[in-house]
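Not measured: the values here are computed from a predicted model. In what follows, every chain begins at residue 1, and chains take the letters A, B, ... in the order their sequences are listed.
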2 protein chains.
Amino acid sequence: MTSLTEENYLKAIYTLINAVDKKASTNEIAKKMETKASSVTDMLKRLNEKGLVDYEKYKTVQITEKGKQVAISIIRKHRLWEYFLVENLNFGWDEVHDIAEQLEHIESIELTNKLDEFLGFPKFDPHGDPIPNSKGVFPSRESKKLSDAKIDSEIVIIGVEDHSTNFLNFLSEMNIELGTELSIKTKHSFDNSILVVNSENQKITLSQKVANNLFIKIKHEN
Amino acid sequence: MTSLTEENYLKAIYTLINAVDKKASTNEIAKKMETKASSVTDMLKRLNEKGLVDYEKYKTVQITEKGKQVAISIIRKHRLWEYFLVENLNFGWDEVHDIAEQLEHIESIELTNKLDEFLGFPKFDPHGDPIPNSKGVFPSRESKKLSDAKIDSEIVIIGVEDHSTNFLNFLSEMNIELGTELSIKTKHSFDNSILVVNSENQKITLSQKVANNLFIKIKHEN
DNA sequence: TAAATTTTTTAGACTCATCTAAATTTAATA
DNA sequence: TATTAAATTTAGATGAGTCTAAAAAATTTA
Ligand SMILES: [Mn+2]
Ligand SMILES: [Mn+2]
Ligand SMILES: [Mn+2]
Ligand SMILES: [Mn+2]
């Protein structure tokens, strides 16, 4: 039995460990969980006791296979529910995260799998994040960023790195969503911003920060 | 803010008060909540403090308008989710209650209303229980029991009083579900059992206990 | 390497929700 | 009405999860 709180800690630890150049230190976990470092220490002891993490004091924590499976299962549910909310209930992609934060803790393997089937076994959620299957395996995908795209190439937006409502709203204003096709026109070397053109011939200038937060698939490299 | 636990207590108190010949005594609440009377007393103090119930010690509790609205909102969510699970995810009507017990606590009025819309604003859940609308109003319905049906009348099963998996399984074995049409043939006075015939000419004998747990609509009274 | 700073852990306290055992009040019965 | 029984509340304890303040360890800087 894992409590709602334990599940949230495991998810945070898992994503911290799997992010580049980040480690699951007490402070990092506290920041992600919006709690205090002392609370994290308490929880790490408990998770260690339950065999969900390997923890020795003053050393950075490692997640066990058991803990990893819990984390992946929570991520699977989160992303499936987000997909449901956007595709079936007509929510915007910027409105679903908080609701999915609640739904991801509903405990019923049968429910998760039937939901997956009902949705048609989607591989990616509304933000382009991969959805692990019922065995916990993530679909693979080349993950290039818009900032890596070459001039004159044609690309499709397939995901976002930053999931904040702020960023998603900004993209909507720029007429960018998942599936949007863009041609790369110019890269300005003085600020690394990129000029792109969409299928309706609109010119859009995107800052390096924005380009760094967009995952793409390359259609053509001229 | 109402916690998950408070919501469950309010739902229990509400249904106890609205059931015939039952009052929301400490012991009754404890029985329904599968907890101890002393825990109930603690919770009643807290709910009273929050203005969700009117409670004075040693007197039976009353629910306030505020508490009633919370309870109805939980019931609304419970029944909408049950409907979704049966209609969209292909669960059986005997499998959905426990999952709905979890889903009913998801907090998002927008989600509830969008789910309602997605489902086509259903009026009754898979067990025939009325679903309150977004304003908390229950659809009305004549609620006759099968045990009240007259000989030679034709009726439709529209609901169950007993929601236990046991009873629902039994009904499935008897080929009875919501919408099943039956003709009342004989009432045996010595044990009050009823002989009915379904649309496929199957003869089914139902005990008084069963007949007392089935809500019906009358189609014909010959 | 020693001092200063940052990170992490511990100690102790708090809330929510629960329990058992005992005390109190209410209801039933003789 | 007095006694007994049942229902209810109080007292005190526990566990999960959190916090602040202080101590201890690790890291950085001089
Ligand atoms: Mn999300
Ligand atoms: Mn997502
Ligand atoms: Mn139910
Ligand atoms: Mn129901």
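- Classification of B/D54 and B/K59 as a salt-bridged pair fails, no side-chain N sitting under 4.0 Å from a carboxylate O.
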Within the sub-3.5 Å range, which N or O atoms of nucleotides 17-19 of chain D have a protein N or O partner, and how far apart are they?
| unit_1 | atom_1 | unit_2 | atom_2 | d |
| --- | --- | --- | --- | --- |
| D/dG17 | OP1 | A/S3 | OG | 2.5 |
| D/dG17 | OP2 | A/R46 | NH1 | 2.3 |
| D/dG17 | O5' | A/R46 | NH1 | 3.3 |
| D/dT18 | OP2 | A/Y9 | OH | 3.4 |
| D/dT18 | O4 | A/D42 | OD2 | 3.4 |
| D/dC19 | OP2 | A/T35 | OG1 | 2.5 |
| D/dC19 | OP2 | A/K36 | N | 3.2 |
| D/dC19 | OP2 | A/S39 | OG | 2.7 |

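- B/H163 places a side-chain N or O within donor-acceptor distance of the main-chain N or O of B/E161, the cut-off being under 3.5 Å.
- Taking 4.0 angstrom as the limit, B/Y58 places none of its side-chain polar atoms (N or O) nearer than this to OP1 or OP2 of D/dA6.
- Separation of atoms OG (A/S140) and CZ (A/F138) is listed at 12.0 Å; rounding is to 0.5 Å.
- The OG1 atom of B/T26 sits 14.5 Å away from atom NZ of B/K36, with the distance rounded to the nearest 0.5 Å.
- The two residues A/K50 and A/K66 come nearest to each other via the heavy atoms O-NZ, 3.0 Å.
- Rounded to a whole Å, the CG atom of B/L44 is 13 Å from the P atom of C/dA17.
- Taking the six-membered ring where the residue is Trp, A/H127 and A/W93 present parallel rings, their angle staying beneath 30° rather than reaching 60°.
- In DNA chain C, runs of at least 3 stacked Watson-Crick or G-U pairs (N1-N3 plus N6-O4 or O6-N4, or N1-O2 plus O6-N3, all under 3.5 Å) give these stems: C:1-30 with D:1-30.
- Taking a cutoff of 4.0 Å between a charged side-chain nitrogen and a carboxylate oxygen, B/D162 and B/K209 do not qualify as a salt bridge.
- Within 4.0 Å (heavy atoms only), B/T26 reaches sugar-phosphate atoms of the nucleic acid but no base atom.
- Of all the heavy atoms in B/Q69 and B/G136, the pair that sits closest is OE1-CA, 4.5 Å.
- Distances shown here put a side-chain N or O of A/Y55 below 4.0 Å from the OP1 or OP2 atom of C/dT9.
- Residue A/K57 has no polar side-chain atom (N or O) positioned under 4.0 Å from OP1 or OP2 of C/dT7.
- One atom, NZ of A/K59, and another, C1' of D/dT27, lie 16 Å apart when rounded to the nearest Å.
- The number of heavy-atom neighbours closer than 6.0 Å to CD of B/Q102, taken from other residues, nucleotides and ligands shown, is above 12.
- When the C1' atom of D/dA24 is taken as reference, atom CD of A/E56 falls 17 Å away, rounded to whole Å.
- OP1 or OP2 of C/dT8 sits under 4.0 Å from a side-chain N or O of A/N27.
- Applying the 4.0 Å criterion to OP1 and OP2 of D/dT10, one finds that B/K45 has a side-chain N or O inside that range.
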